[in-house]
Novice: 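Please see the structure below; I have some questions.
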Amino acid sequence: MPELPEVETIARGLAKRVVGDRIESVWIGSRPQPLRSPAEDIASTLEGRRIVRVHRTGKYIVFDLEGNPALRSWRMAHKRTPAKREAGADRSVRRTQAQWIVHLGMTGRLVVCEPAAEVAKHTHLIARLASGRDLRFVDPRMFGKISVHESGFDPGGAEPLEIGKEQFLALFRGRKTPIKSALLNQKLLRGVGNIYADESLFRAGIRPRRRAATLTRDDLRRLHRAVQQVLREAIALGGSSISDYVDADGEEGFFQLQHRVYGREGEPCLVCKTVVKRVVLSGRSSHYCPRCQK
DNA sequence: ATACCGACCTGTCAGC
DNA sequence: TGCTGACAGGTCGGTA
């Protein structure tokens, strides 16, 4: 479902609602597909911890967690000598921190609701919060992923909104793959998906099938600017709502109204009126204007 | 090392 | 009213 702007919007919405809250207990469903850590690790990592921050990295939502009553009582039970305490000080601080990582895949949603609310079909995890609400993970297609980490989760790739011009150029230099495939490669750039790749290429005037290595410095400079513009505008509008995407407050985004090529096959280009084309590239629909994009 | 392609899932919608 | 096939915002792992 979501790409960087949608995930950013969702993470911001969740931050408003759950930061400062504590996870009291966790229920995990029986489908193993969404779990990227063992269910018992997920439960024991979340339970008793406080959510201190919710943010996005690439297309991942990251919950920074702190504190764990189970460990605190373990420390009380194992009184240490001053020397030992000093040696272990760093480690014990780190021990109380953890991260809960959620990737929404195509259809994943994180819902904050009353515990009495009906449990939607395809609910895979329910976290009961100290404030008396539920945080639920729902995902019909189960392409989403849930895992826990000690800290410092890093999916690799560069953040498209932070990367500088020169680094951006270097990512694509010498690559024979179509530029669209390179944009979708999360190991290069993290967070760009099918919609924003198409929209960025349109704004930069580059056809999706152009080999990355054939792009000039100027092409890549325009692409760098286009990617950042498109993502920033989309975040400002709360993302693109296609079919059923809504943010944490149940609000739809509005960037779909700004799509210039995505989903507009057969319609006139908004710049030159040429009919927008759709081709399949590495299994994904790619939309472009044959006149505006070279 | 790189680059395609199907697999992984369920739901929806168009066409017959 | 069904049935079938195409398609969907994303990764993975196998194979060429």
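These values consider heavy atoms only, across backbone and side chains, with no hydrogens, waters or symmetry-generated copies. Residue numbers start from 1 in every chain, and the chains themselves are labelled A, B, ... in the order their sequence lines are given, proteins ahead of strands. Everything numeric here is computed off the predicted structure, so don't read it as measured data.
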Novice: In terms of the angle between their ring planes, are A:His124 and A:His122 parallel, tilted or perpendicular, with boundaries placed at 30° and 60°?
Specialist: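 It falls in the tilted class, 30° to 60°.
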Novice: Separation of A:Leu184 atom CG from B:dT2 atom C1', in whole Å?
Specialist: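 A:Leu184 atom CG is separated from B:dT2 atom C1' by 16 Å.
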Novice: Keeping A:Arg12 on the side-chain end and A:Lys16 on the backbone end, is there a donor-acceptor pair under 3.5 Å?
Specialist: no
Novice: Using whole Å, what does the distance between atom C1' of nucleotide C:dG13 and atom CZ of A:Arg36 come to?
Specialist: 12 Å
Novice: How are the rings of A:Tyr60 and A:Phe153 set to each other: parallel, tilted or perpendicular (split at 30° and 60°)?
Specialist: perpendicular
Novice: Rounded to whole Å, please give me the gap between CG in A:Leu35 and C1' in B:dC9.
Specialist: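 These atoms are roughly 15 Å apart.
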Novice: Expressed in whole Å, how much space separates the C1' atoms belonging to B:dT12 and C:dT11?
Specialist: 22 Å
Novice: Given atom CD1 of A:Ile179 and atom C1' of B:dA3, what is their separation to the nearest angstrom?
Specialist: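 For the pair A:Ile179 CD1 and B:dA3 C1', the rounded distance is 15 Å.
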Novice: Could you work out the separation of C:dC3 and B:dC9 based on their P atoms and round it to a whole Å?
Specialist: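 It works out to 24 Å between them.
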Novice: Could you check A:Thr9, A:Thr57, A:Leu189, A:Ile235 and say which one makes a side chain to side chain contact (heavy atoms under 4.5 Å, CB included) with A:Leu4?
Specialist: A:Ile235
Novice: Distances for protein N/O vs nucleotides 4-8 of chain B N/O pairs under 3.5 angstrom?
Specialist:
{"from": "B:dC4", "atom 1": "OP1", "to": "A:Arg211", "atom 2": "NH1", "distance (Å)": "3.2"}

Novice: Rounded to whole Å, please give me the gap between CG in A:Leu4 and C1' in C:dG10.
Specialist: 14 Å
Novice: Which part of the nucleic acid, if any, lies within reach of A:Lys187 when heavy atoms closer than 4.0 Å are counted: base, sugar-phosphate only, or nothing?
Specialist: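 It contacts nothing in the nucleic acid.
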Novice: So does A:Val276 get a backbone contact from the side chain of A:Glu267, meaning a donor-acceptor N/O pair under 3.5 Å?
Specialist: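 Absent.
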Novice: How close or far is atom P of C:dT11 from atom CG of A:Asn194, stated in whole angstroms?
Specialist: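 These atoms are roughly 11 Å apart.
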Novice: For A:Tyr196 and A:Phe255, take the angle between the two ring planes, folded into 0 to 90°, and tell me which bin it lands in: parallel under 30, tilted 30 to 60, perpendicular over 60.
Specialist: tilted
Novice: Counting side-chain heavy atoms from CB outward, which of C:dA8, C:dG10, B:dT10 is closest to A:Met142?
Specialist: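 In terms of side-chain proximity for A:Met142, the closest of C:dA8, C:dG10, B:dT10 is B:dT10.
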Novice: Compare side-chain N and O positions of A:Lys121 against OP1 and OP2 of B:dT10 and report whether any pair is under 4.0 Å apart.
Specialist: no
Novice: Answer yes or no: is there a side-chain heavy-atom contact under 4.5 Å between A:Lys277 and A:Cys289?
Specialist: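 Result no, sub-4.5 Å side-chain heavy-atom pair not found.
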Novice: Grab the CG-C1' distance between A:Asp139 and B:dT10 for me, whole Å please.
Specialist: 9 Å
Novice: Which of the following nucleotides, B:dA3, C:dT11, B:dT10, is nearest to the side chain of A:His103?
Specialist: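 Among B:dA3, C:dT11, B:dT10, the one nearest the side chain of A:His103 is C:dT11.
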Novice: Given Watson-Crick or G-U pairs with both distances under 3.5 Å, what dot-bracket string fits DNA chain B, with | for other-strand pairs and [ ] for crossing?
Specialist: .|||||||.|||||||
Novice: Test your reading of the model: is there a side-chain donor-acceptor pair from A:Gln258 to the backbone of A:Ala234, 3.5 Å cut-off?
Specialist: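 The answer is no, because no donor-acceptor pair under 3.5 Å joins these two groups.
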Novice: Provide, to the nearest angstrom, the distance between the CG atom belonging to A:Asp198 and the C1' atom belonging to C:dA8.
Specialist: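 Interatomic distance, CG of A:Asp198 to C1' of C:dA8: 14 Å.
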Novice: Counting only side-chain N and O atoms of A:Gln186, is one of them less than 4.0 Å from OP1 or OP2 of C:dT11?
Specialist: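 Yes, within the criterion.
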Novice: Can you tell me if the side-chain N/O atoms of A:His122 get under 4.0 Å from OP1 or OP2 in B:dC9?
Specialist: no
Novice: At under 4.0 Å between heavy atoms, what does A:Tyr262 touch on the DNA or RNA strands: base, sugar-phosphate, or nothing?
Specialist: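 Sugar-phosphate, no base atom in range.
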Novice: Check whether any side-chain heavy atom of A:Val227 lies under 4.5 Å from a side-chain heavy atom of A:Ile163, and answer yes or no.
Specialist: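 A:Val227 vs A:Ile163: side chains apart.
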Novice: If only side-chain N and O atoms count, and only distance matters, is there a donor-acceptor pair under 3.5 Å linking A:Ser131 with A:Arg133?
Specialist: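 Side chains of A:Arg133 and A:Ser131: pair found under 3.5 Å.
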Novice: State which of C:dT11, C:dC7, B:dG11 makes the closest approach to the side chain of A:Ser285.
Specialist: C:dC7
Novice: So, does A:Arg284 get its side chain near the phosphate of C:dC7, meaning an N or O under 4.0 Å from OP1 or OP2?
Specialist: no
